[in-house]
Amino acid sequence: MTSTPTPGLTRFNALPDSAALAALHEVCASPAWSGKLLSRRPFATLDALLDASDAATAALGPSDLTDAMAGHPPIGRPAPGDPVSSREQRGMAGASAELRAEMLELNLAYQDTFGHVFLICATGATAERMRDALKARIGNTPERERANVRTELGKINRIRLTRLAEDLAEDSPAGRDGGTEGEGERRS
């Protein structure tokens with residue numbers, strides 16, 4: 001990745017704690033994850049930030065994973081006005097009505113089985129690939145599925161942190177001192 005801080009990472013490191021915490025919450029809804037990353041600032045490189053994210057994700061307990069998943073809408077149903085979810089789930093945009101209906105049915109069955117949304121790193125994935133993954137994972141044991149969720153969450157967090165470190169603009173809500181919750185791009 002990178003051995004020097006990017007302008008976005010430099011700005012992130014300089015944010016007041018409240019604004020940095022808000023930016024991290026946009027990446028992952030788990031307060032435990034955000035708190036661990038916040039406590040490790042400043043980050044010298046993107047690699048250091050991503051390594052800290054990986055360690056924080058690996059350390060999440062069951063309730064922390066539940067918090068993290070609560071920040072993700074079901075595949076195929078991004079929250080209205082949520083550009084992050086819409087961008088990440090772009091593969092569902094051109095799905096047929098039949099495939100959308102199948103995904104809804106599978107999502108509901110998955111939630112009934114596991115008690116949470118189906119989490120997959122949807123960036124770059126086609127609707128068919130997401131459907132096939134959902135079909136394959138719905139038969140997992142709860143323990144195996146928790147491991148899958150942790151892996152997928154780690155991938156999502158890395159993508160979002162990379163975007164944050166590369167693109168954090170001074171005029172974005174997180175780039176202003178004390179950015180407020182609810183402004184700018186939301187979680188997925």
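By convention here, the first residue in the shown sequence is residue 1.
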What are the two closest heavy atoms between Ser53 and Leu37, and how far apart are they?
-> CA-CD1, 3.8 Å
Under the side chain to side chain contact (heavy atoms under 4.5 Å, CB included) criterion, do Leu106 and Arg131 qualify, and how do the steps go?
-> CA-CA 8 Å; Leu106 287 167; Arg131 179 207 50 216; 3.7 Å; yes
Search all heavy atoms of Ile156 against all heavy atoms of Cys121 and return the closest pair with its distance.
-> CG1-CA, 3.8 Å
Is the backbone of Ala109 close enough, under 3.5 Å, to the side chain of Asp112 for a donor and an acceptor to pair up by distance?
-> no
Considering only NZ, NE, NH1 and NH2 on the basic side and carboxylate oxygens on the acidic side, decide whether Glu26 and Arg163 come within less than 4.0 Å.
-> no
Check the pair Ile120, Leu134 against side chain to side chain contact (heavy atoms under 4.5 Å, CB included), reporting the backbone distance first and the verdict last.
-> CA-CA 9 Å; Ile120 186 170; Leu134 203 164; over 6 Å; no
Taking every non-hydrogen atom, the tightest pair across Ala122 and Met130 = CB-SD, 3.6 Å
Leu153 side chain near Met69 side chain, heavy-atom distance below 4.5 Å | no
Interatomic distance, Thr45 atom OG1 to Asp51 atom CG [nearest 0.5 angstrom] | 7.5 Å
What distance do Lys36 atom NZ and Thr57 atom OG1 have between them, rounded to the nearest 0.5 Å?
-> 9.5 Å
Closest non-hydrogen atom pair between Asp67 and Ser30, with its separation = CB-CA, 4.0 Å
Atom of Ser34, atom of Cys28 and distance for their closest heavy-atom approach | OG-O, 3.6 Å
Side chains of Leu24 and Leu161: does their closest heavy-atom pair fall under 4.5 Å?
-> yes
Would you say the side chain of Leu46 lies within less than 4.5 Å of the side chain of Glu166, judging by non-hydrogen atoms?
-> yes
Which word best sums up how the rings of Tyr110 and Phe118 line up, parallel for under 30°, tilted for 30 to 60°, or perpendicular for over 60°?
-> perpendicular
Is there a donor-acceptor pair closer than 3.5 Å between any side-chain N or O of Arg137 and the backbone N or O of Leu119?
-> yes
If you measure from CG on Leu49 to OG1 on Thr162, what distance do you get to the nearest 0.5 Å?
-> 7.5 Å
When you measure from the side chain of Arg40 to the backbone N and O of Ala48, does any donor-acceptor pair fall under 3.5 Å?
-> no
Is the closest side-chain heavy-atom distance between Val27 and Trp33 below 4.5 Å?
-> yes
Got Pro42 and Phe12 here, is their nearest side-chain heavy-atom distance under 4.5 Å?
-> no
Would you say Glu102 and Lys135 make side-chain contact, with heavy atoms under 4.5 Å?
-> yes
Is a side-chain N or O of Arg41 found less than 3.5 angstrom from the main chain of Leu15, in a donor-acceptor match?
-> yes
Compare all side-chain heavy atoms of Glu145 with those of Thr113 and state whether any distance is below 4.5 angstrom.
-> no
Ion pair check, Glu143 and Arg146, cut-off under 4.0 Å = no
Under 3.5 Å, side chain of Arg150 to main-chain N/O of Leu60, donor-acceptor pair present?
-> yes
